[in-house]
2 protein chains.
Amino acid sequence: MGRRRQSVTIKHVAADAGVSLQTVSRVINNEPNVRPEMQKRVQASIDKLGYVPSIAAQRMSGSRSYLILAINDRERTIADWRGRQGIDWVDQMLLGGMLKCAELGYRMIFELVDTHNDHVERELRATIAALQPDGVVLTPPHSDNPLIVGLLDKAKIPFARIGSLGNGAGIPLTMDDEGSAQLATRHLIDLGHRRIGFIAGSPEYNLSGWRVDGWREEMEAAGLADEALLAWGDFSYASGEAAARTLLDSADPPTAIIVSNDQMTLATLEVARARDLEIPRDLSIISFDNTPIVRFTQPPLTAVDQPIAETVSRAVELIIAAQRGEAPSKTPTVVRGSLVERGSTAPPPKARR
Amino acid sequence: MGRRRQSVTIKHVAADAGVSLQTVSRVINNEPNVRPEMQKRVQASIDKLGYVPSIAAQRMSGSRSYLILAINDRERTIADWRGRQGIDWVDQMLLGGMLKCAELGYRMIFELVDTHNDHVERELRATIAALQPDGVVLTPPHSDNPLIVGLLDKAKIPFARIGSLGNGAGIPLTMDDEGSAQLATRHLIDLGHRRIGFIAGSPEYNLSGWRVDGWREEMEAAGLADEALLAWGDFSYASGEAAARTLLDSADPPTAIIVSNDQMTLATLEVARARDLEIPRDLSIISFDNTPIVRFTQPPLTAVDQPIAETVSRAVELIIAAQRGEAPSKTPTVVRGSLVERGSTAPPPKARR
DNA sequence: ATGAAAGCGCTAACAC
DNA sequence: GTGTTAGCGCTTTCAT
C-alpha cells in the first residue's frame, strides 16, 4: 500500500505563517516566549490549514504521547462480554475515562491484560513499548499485582490503582467499599433486621475483604456480630448459589442478606424463590454494583452503586497532574458510592423479629 | 517529567545480534531476503532483550501504524452509557474487534464522533491525523454519512461500513436486517397471527427501513399486508410508547408486534400492561437487538439477535486484507442474525383468530 | 522572543 | 542476502 503521509505538517504551518518550526511548536504546546500577535498569526494558520499534530511524531521526539492506557483483566472482561449479563463496568470506565481524557486533550486506549498469566509482564511491557502511553489506569485485580505495579514504577510511567489502598508506587483510589458496606448494613439495621447475612466476593480482590470489614464493623457496633452470617463466594453465579444456600439453610437464617455483586444476587434471588421466600417480605436483599439488570429483577434491587465513571475520571485527572510533575498524594483518593433504594428491602418478618 | 525513551530499540537488537538495523527490521516484518539462520539469530536477540517495536516510530517512517480505529456516534453512545440500560453494543464491538485485531497483530482504538455536528469532518480529520490508523470501522449512522465516507475515501484509508449497502467507497457489511425481520414475521405467521404490527426505528438509520421492508415483504407474501400496522419510532423509549399506543388503540389492533429495538419494546410492554394485555396470551412481542435486559423482562423476550461481535470481527479482517492490497468485494458482506425464542410469543388469542 | 541544528526509532530506497 | 543512507514530523537542546 502507498505510504500515507501527514497531509498538513508543522512545516506547512510554519511556511504559511512565515515563522520557524519552533515557534509553531511553542504555540501548539502553549509554551512561553511567544508574543501574543505571533501566537495569533500561527493559530490562524493552524486553523486555516486544519493542522493537527501527529501523536506519533510528538511521541518520537521524546515528548508526551497524549495517550492514557486503561487496562482490565482479560479473562473476566471477555467472560462478561460473552455472557451478556449487562455488566457495564467497561462502559462506565470508558464513560468516565474517555470524556475526561478528551477534556484534557488526551485519548484513552482500552486494553486487556491477563492477570493469571506468567507472562503478564511481557504482555504489559509490549503494550507499553508499542503505545508509549503517558499514564496507565489499573483496575482490580491488576491494581495490586506486584509485577504490574513494579514494572510501571520502574518504567516511571504515572499510574492509578483503582481499588487499591496503594502500598508502594502509583496513585491509589478506592470507591469506599468499606463505607458502602457499612451503609448497606446500617440501612438494614435501621429497618429492624438483627440477623444480616453477608456474601463476600473473591478474596483475590482486596475490595472483597473491605466490604466484609464494613459489614462486620457495623454489626459489631450494633452488638449483632455473628461470623456464621458470613459466606464467601467468588463473584460468580454458582458461588452465589452455594453461599445463599449455606446462609438460608442454617439453623438460624438471616432475615436480610448483603451480596457483594449482582451476579451472586441473582443466584440468591433464585435460591430464595426455591424456598418460597418472598422478597422483601420474608427476606431483604441488598446488592453491590448496581448494574443495569438490578432494575429488571423481581423485585427491583436495592443496591450499592459503584461510581466507576467518576473514579476513572478522577484517576485520569490525577495521572495527568502527576505527569505534569505534581506530587501525588500518598493517601488514597476516595470516591464514595451510594445506596440506591428499590424494592428488595423491608422490615423483617414479624414472626422472627 | 523526564523524557521517557524506548528502553530497548532496534539498535540494541542489531548490536546484540551483530547485524544491521535493516536486517532486524526485515525480521520484525517477516520480509524476504533473510537467511533462516540470520532470522533465528535476530529473533533470539529480540526475545532475549524483550524488544517490541515502537508503533510511533513505525508509523513515522511511513509504514503501518497497526491501529484500527472504531468509531461510534458520540451523542447516542454517551446517552446509552449514562442511561445504564444494559445496552452492550460497545462491549460487543470491542469483543469482536479487539480479539480479531489482537489475533492479527493490530490494536483497536475506540473513539466517539458527533454525527450531528457541522464539524464532523474536522473532528474525524483530527482523530485520524493524530492516530494515523491503518483502517476505520464505521457504525450506523456514520456508515452512510457522505462527509465521513468521502473523507476516508480521499485519505485512502481502508474502512468498513457496518449497516450499509455501501454505495460508493468502503467495505460494506450488514447484519441482514431485512432477513431478520422476515424471520420474525414468519415466526409469528407460523404461530397463527394474521395482524402483525411493526414498530420501526429512526429513519436516520438505513437499517430501520430494511427491517420494515422485511416485515412488509413477508406480510405481502402471506396476503396479510396492511400499512395501518406500521408505526414509526426513533429507537427511544418515549417514541416506542407512542407507537405502541397508536397500534394498540386502533380499531383493529394487532395480535403481535415486532419492535425494532429493546428500548421501544420495554415501552410496548408497559403500554400493554396498562391495557391489561397479558404477554404472550393476549399479545405476542418480538424485539430486535437482544440486549441483556430481554432476559429479565416479564416474560423474557423472544428477540432477534444482532451478531455485532462477529460483524465487527469480519470488518477488521476485511480492512486488514484491503490494507494489504486485496481488492474488497463490492457486494456487502452479510452476517446473519438469528431469532432467539423466549417467552413473549405464542399463538394469537382464540377470540380474534 | 525567536531560530537552527540534532535526533527520537524505524523503514523505504538504494547500494553492494 | 545484507548494509547504508535519508527522512518521516516533531521537540529538545542551544544559539542569537
Side-chain angles (χ1 to χ4, degrees), chain A residues 1-42 45-46 49-67 126 128-132 134, chain B residues 1-42 45-46 49-67 126 128-132 134:
Chain A
M1 284 270 75
R3 13 196 298 143
R4 226 172 331 99
R5 291 253 113 92
Q6 203 89 339
S7 48
V8 182
T9 73
I10 197 171
K11 277 189 191 166
H12 298 102
V13 177
D16 186 83
V19 297
S20 73
L21 303 185
Q22 192 41 37
T23 303
V24 178
S25 174
R26 288 193 179 103
V27 171
I28 297 167
N29 298 293
N30 280 312
E31 276 169 24
N33 295 339
V34 184
R35 272 178 313 178
E37 64 178 84
M38 195 84 271
Q39 119 94 29
K40 259 194 186 136
R41 203 165 91 205
V42 173
S45 295
I46 290 177
L49 302 175
Y51 166 70
V52 181
S54 152
I55 282 190
Q58 293 186 124
R59 174 64 257 179
M60 277 299 298
S61 57
S63 105
R64 275 154 281 171
S65 66
Y66 296 100
L67 259 27
I128 289 176
L131 260 19
Q132 303 266 56
D134 285 341
Chain B
M1 285 269 74
R3 15 195 300 142
R4 229 176 324 102
R5 291 253 114 93
Q6 203 89 338
S7 47
V8 182
T9 73
I10 197 170
K11 277 189 192 167
H12 298 101
V13 177
D16 185 83
V19 297
S20 74
L21 302 186
Q22 195 43 36
T23 302
V24 178
S25 174
R26 287 192 179 104
V27 171
I28 298 167
N29 298 292
N30 281 312
E31 276 169 25
N33 294 338
V34 183
R35 273 179 313 179
E37 64 177 85
M38 194 87 270
Q39 121 92 30
K40 259 197 184 130
R41 201 166 91 205
V42 173
S45 294
I46 290 178
L49 302 175
Y51 167 70
V52 180
S54 153
I55 283 191
Q58 293 187 123
R59 174 63 258 180
M60 277 300 297
S61 58
S63 103
R64 273 154 284 172
S65 67
Y66 297 100
L67 260 26
I128 288 176
L131 261 20
Q132 303 266 52
D134 285 341

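Heavy atoms only: backbone and side chains are in, while hydrogens, waters and symmetry mates are out.
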TODO: Compare side-chain N and O positions of Thr9(A) against OP1 and OP2 of dG9(D) and report whether any pair is under 4.0 Å apart.
DONE: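 No, no such contact exists.
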
TODO: Determine: side-chain N/O of Tyr51(B) to OP1/OP2 of dC10(C), distance under 4.0 Å, yes or no.
DONE: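 Result: yes.
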
Task: From Met60(B) atom CE to Ser54(B) atom OG, the distance as rounded to the nearest 0.5 Å - done: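 The distance works out to 10.0 Å.
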
Length of the [atom1]-[atom2] vector between [X] and [N], whole Å:
| X | N | atom1 | atom2 | result |
| --- | --- | --- | --- | --- |
| Arg64(B) | dC8(D) | CZ | C1' | 16 Å |
| Leu49(A) | dG9(D) | CG | P | 14 Å |
| Gln58(A) | dG9(C) | CD | P | 17 Å |
| Ile10(B) | dC8(D) | CD1 | P | 19 Å |
| Arg59(B) | dC8(C) | CZ | C1' | 17 Å |
| Leu21(A) | dA6(C) | CG | P | 14 Å |
| Ile28(A) | dT2(C) | CD1 | C1' | 15 Å |
| Gln132(A) | dC8(C) | CD | P | 14 Å |

Which atoms form the tightest heavy-atom contact between [X] and [Y], and what is the distance?
| X | Y | value |
| --- | --- | --- |
| Ile46(B) | Val13(B) | CG1-CG1, 3.7 Å |
| Val34(B) | Glu31(B) | CG2-O, 4.0 Å |
| Leu131(A) | Ile55(B) | CD1-CD1, 3.8 Å |
| Gln58(A) | Pro53(A) | OE1-CB, 3.6 Å |

Open item on the list: Taking any heavy-atom pair under 4.0 Å as a contact, classify Val24(B): base, sugar-phosphate, or nothing.
Closed with: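 Nothing, no heavy atom under 4.0 Å.
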
Open item on the list: If you take any heavy atom closer than 4.0 Å to DNA chain C, which residues from residues 30-37 of chain B end up in contact?
Closed with: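 Heavy-atom contacts with DNA chain C come from Glu31(B).
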
From the set [options], return the single nucleotide nearest to any side-chain atom of [X].
| X | options | result |
| --- | --- | --- |
| Met38(B) | dT2(D), dC10(C), dG9(C) | dT2(D) |
| Ser61(B) | dG9(C), dG3(D), dC10(D) | dG9(C) |
| Thr23(B) | dG9(D), dC10(C), dT2(D) | dT2(D) |
| Gln22(A) | dG9(C), dT11(D), dT11(C) | dT11(D) |
| Arg26(A) | dC10(C), dC14(D), dC10(D) | dC14(D) |

Task: Residue whose closest nucleotide on DNA chain D lies nearer the 5' end, Gln39(B) versus Met60(B) - done: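 The residue whose closest nucleotide sits nearer the 5' end is Gln39(B).
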
Could you pull out every donor-acceptor pair under 3.5 Å between side chains of residues 15-29 of chain A and any protein atom, sequence neighbours left out?
residue  : atom : partner  : partner atom : Å
Asp16(A) : OD1  : Lys48(A) : NZ           : 2.8
Asp16(A) : OD2  : Ser45(A) : OG           : 2.6
Asp16(A) : OD2  : Lys48(A) : NZ           : 3.4
Ser20(A) : OG   : Gln22(A) : N            : 3.4
Ser20(A) : OG   : Thr23(A) : N            : 3.3
Ser20(A) : OG   : Thr23(A) : OG1          : 3.2
Asn29(A) : ND2  : Ser25(A) : O            : 2.9

Open item on the list: Do Asp134(A) and Arg59(A) make a side-chain contact, defined as non-hydrogen atoms from C-beta onward lying under 4.5 Å apart?
Closed with: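 When only atoms from C-beta onward are counted, Arg59(A) and Asp134(A) do touch, with a gap below 4.5 Å.
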
